[in-house]
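Inspection log for the structure reproduced underneath, given as structure tokens.
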Amino acid sequence: MRVVIAEDDPLLREGLSLLLRAESIEVVATAEDGVSFLDAVAREHPDVAIVDVRMPPTHTDEGIVAAVEARRRQPGLAVLVLSAYVEQAFATDLLATGAAGLGYLLKERVGRVEEFLVALQRIADGGTAIDPEVVEQLLTRRTGRGALDRLSPRELEVLALMAEGLGNAAIGRSLVITDGAVHKHIRSIFAKLDLAPDDEADRRVVAVLRYLHDDAAR
Amino acid sequence: MKGEQAAVLQRSAVRGRSGHAVARGLRGAVDALEQVLAGLATGVLALLALVVVLAVAVLCLVGVGLLLVPGTLRLLRAVADRERARVSRSNRPLPPAGAPPLSLRAAARDTVVRRELAWLVLHATFGVVIGLLGLTLPLWVVQDVTYPLWYRLTDHAPSVVFARVDGLGDALLVALLGLAFAVVFVVLGPLIARLQSRPGVTLLAPRGSDLSRRVAELVTTRAAALDAHAAELRRIERSLHDGSQNRLVAANVLIGAARRAVVRNPAAADELLEKAQAATEQALAELRGVVRSILPPVLDRGLADAVSGLAAGSPVECLVELDLAVRCAASVEATAYFAVAEAITNTRHSGARLVQVGVRTEAGELRLRVADDGHGGADERAGSGLSGIRRRVEAHDGSFRLDSPAGGPTILEVRLPCGS
């Protein structure tokens, strides 16, 4: 796997490179800001681009802007946005470019290397990885009202994992239930929420997150 | 060595101060002349208005005058507003009074109109007389000083010289008298100007204005304090995020990588752990810095220790003079501390070789003065921390004065009410 990293903190940039190289992942270029990141992506055509959100010059949302722009210039480019904190508004901006090949994770998830590598691979393969924190923000904001209250606790767990971008098999593994059980839960969830059933994980993520977002706004 | 330097600085400061005094005196005299002239102008207007008011008052007795009352009241207000504008230029600002009441009955009840009438009488008489007096002195100065140039044309000497003038010698004496008048005007001019403005200042000010102005002031300083507070929080958030948080994330990543390497390659794992430890050490150091910047723990021991600590860490030689008889409120001392810290930090860019810091408590105030001999040009609008300091100081009802002409020196003076 070939990776480009955009991260303005030198120590973190080095640490991330070290970690990825130790896992036989090729770090083909590193960048310190949005502009040089876009150059590197255009030059290297990486399998995944890893971007920090706060970078020079304003240290606010350069990474989000750069990620959106990179996916606009190069549709289908897999991007993983890393951030010290997650902001639901940023997730919405990113998801507007489609959920396929998109990741948005807290920086500390990198420390759980095995899970991080799985997520990275999923993104590179066109899947989605949305941080559980984002999903939790959406779920807690809307507790106590609406259609979600009709979901069973198990169905809520499945819904959260779907929102994170996990496929059926991964959901089954995570909850230690069979594929059949996962299928059953998902059908039930979609019926209760009045959503069209969809087995494609990335379209499903968008549908579920949009549902949660709209429901929270209501 | 330090004492000598201080003494030298003090001497030059004294010299500078006496030079300043002459310049200040002359500037004061010119200002006074300008004020007296403008005051004379409003005085003549007041005199004309007074004549009109009296005439209308007499006409009112026969009835016809009642028709002229609204116009007269408007005239009175216009003349008073002119004086308000004049007084505002040199004294404290007086807002215009707006539209006057237009009926005789309403006007009689209106305290503003009554006070304006009182002012009108005073300014039309006393104001004009004192204005003429104030104008006479400078005229005498000009006449007498220039007399040697035209004494041949007339043997009637100008101003108060009534003796016959014989020859250049006498004329020069008259010129000398002119200089004496000049000195008298430098001394008396500002006094005359103040005296002339007195009725306007006292009678034309809106009543209770002290309170409303105070409220307006508090509203502004409170907003500024909140701004300063928000900016401060943003700064702290930034330094926490860019510093400690990033270091900890890096440590976390490195530990994750080390755990993966433990079995495969123990030597590499150790190296990674070493790096992770270095990262946590950095995180701690930066955390310490942020904590200190929020409220330096040493302030608990007193402002004296805290300021001495700042001086010790100053990039430029720093002389400190402390006279802190009483402790002030913690927030006041913190503000003073940050003001000194900011001023000392700024000397880094000013090319100064010596900074002098004076902090003392006097008359219930904490007064501090930071002077450096750098090239000046410090601008609080240019994104320096000084504007934040000003907002903090003003939120404490203190005063903030920055004097930093191009070429230097830079002097920061801050006064803070001590608080309880």
Side-chain angles (χ1 to χ4, degrees), chain A residues 3 5-25 27 30 32-33 50-64 80-87 90 104-121 131 133, chain B residues 227 230-291 293-294 382-385 388:
Chain A
V3 171
I5 298 174
E7 164 64 64
D8 61 318
D9 188 79
L11 188 61
L12 206 47
R13 197 166 58 231
E14 193 202 355
L16 209 51
S17 306
L18 267 175
L19 179 132
L20 292 176
R21 285 188 178 125
E23 303 297 333
S24 320
I25 291 170
V27 178
T30 58
E32 296 168 32
D33 57 47
I50 299 179
V51 198
D52 176 26
V53 170
R54 286 166 73 155
M55 288 191 292
T58 67
H59 294 273
T60 50
D61 62 351
E62 279 81 2
I64 302 288
L80 166 58
V81 176
L82 288 178
S83 177
Y85 64 100
V86 288
E87 200 57 68
F90 289 166
Y104 181 43
L105 296 175
L106 278 177
K107 279 180 175 176
E108 63 236 46
R109 309 288 180 216
V110 183
R112 302 282 162 187
V113 182
E114 239 161 283
E115 290 150 52
F116 171 68
L117 291 174
V118 169
L120 191 64
Q121 189 62 56
D131 200 276
E133 186 80 18
Chain B
D227 279 355
E232 189 63 10
L233 287 180
R234 167 71 52 224
R235 183 190 65 74
I236 293 168
E237 190 265 347
R238 266 290 155 74
S239 42
L240 281 177
H241 174 271
D242 296 345
S244 316
Q245 198 173 15
N246 269 347
R247 295 292 95 73
L248 285 175
V249 168
N252 183 37
V253 168
L254 290 165
I255 292 170
R259 284 183 64 192
R260 297 275 289 183
V262 158
V263 182
R264 270 192 320 228
N265 184 353
D270 186 58
E271 201 179 312
L272 287 166
L273 284 173
E274 159 83 43
K275 285 192 165 122
Q277 191 170 29
T280 56
E281 280 162 4
Q282 277 185 35
L284 286 170
E286 277 163 17
L287 208 49
R288 213 158 38 234
V290 175
V291 167
S293 78
I294 295 171
S384 71

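Letters go in sequence order (proteins before strands), and every chain restarts at 1.
- Proximity of Leu105(A) to Val81(A): side-chain heavy atoms (C-beta onward) are nowhere separated by under 4.5 Å.
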Suppose we count any N or O donor within 3.5 Å of an acceptor, strictly below that value; which pairs fall between chain B and chain A?
unit_1, atom_1, unit_2, atom_2, d
Glu237(B), OE1, Arg54(A), NH2, 3.3
Glu237(B), OE2, Arg54(A), NH1, 2.9
Arg238(B), NH2, Thr58(A), O, 3.0
Arg238(B), NH2, His59(A), O, 3.4
Asn246(B), OD1, Lys107(A), NZ, 3.2
Arg247(B), NH2, Asp9(A), OD1, 2.2
Arg247(B), NH2, Asp9(A), OD2, 3.1
Asn252(B), ND2, Glu108(A), O, 3.0
Arg260(B), NE, Glu23(A), OE2, 3.0
Arg260(B), NH1, Glu114(A), OE1, 3.4
Arg260(B), NH2, Glu23(A), OE1, 2.7

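- Contacts of Leu254(B) with chain A are made by side-chain atoms alone, with heavy-atom separations under 4.5 Å and no backbone atom involved.
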task = Report the C-alpha separation of Leu120(A) and Ile50(A) in whole Å, then their side-chain angles, then the decisive distance to 0.1 Å, and conclude whether the side-chain contact (heavy atoms from CB on, under 4.5 Å) test is met.
result = CA-CA 9 Å; Leu120(A) 191 64; Ile50(A) 299 179; 4.1 Å; yes
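- Residue contact with chain A, scored on non-hydrogen atoms closer than 4.5 Å, involves the side chain of Leu272(B) exclusively.
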query = Step by step, would you call Leu20(A) with Phe116(A) a side-chain contact (heavy atoms from CB on, under 4.5 Å)?
reply = CA-CA 10 Å; Leu20(A) 292 176; Phe116(A) 171 68; 4.0 Å; yes
task = Give the intermediate values and the outcome of side-chain contact (heavy atoms from CB on, under 4.5 Å) for residues Leu240(B) and Leu287(B).
result = CA-CA 7 Å; Leu240(B) 281 177; Leu287(B) 208 49; 3.7 Å; yes
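- In plain terms, the two heavy atoms of Leu82(A) and Leu106(A) that are nearest each other are CD2-O, 4.2 Å.
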message = Pair Ile64(A), Val51(A) - check side-chain contact (heavy atoms from CB on, under 4.5 Å), show working.
response = CA-CA 8 Å; Ile64(A) 302 288; Val51(A) 198; over 6 Å; no
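- In this structure, chain B has a heavy atom under 4.5 Å from the side chain of Leu117(A), while its backbone stays farther away.
- For a residue to count as touching a neighbouring chain, one of its non-hydrogen atoms must lie under 4.5 Å from one of that chain's; by this rule Ala279(B) touches chain A with backbone and side chain alike.
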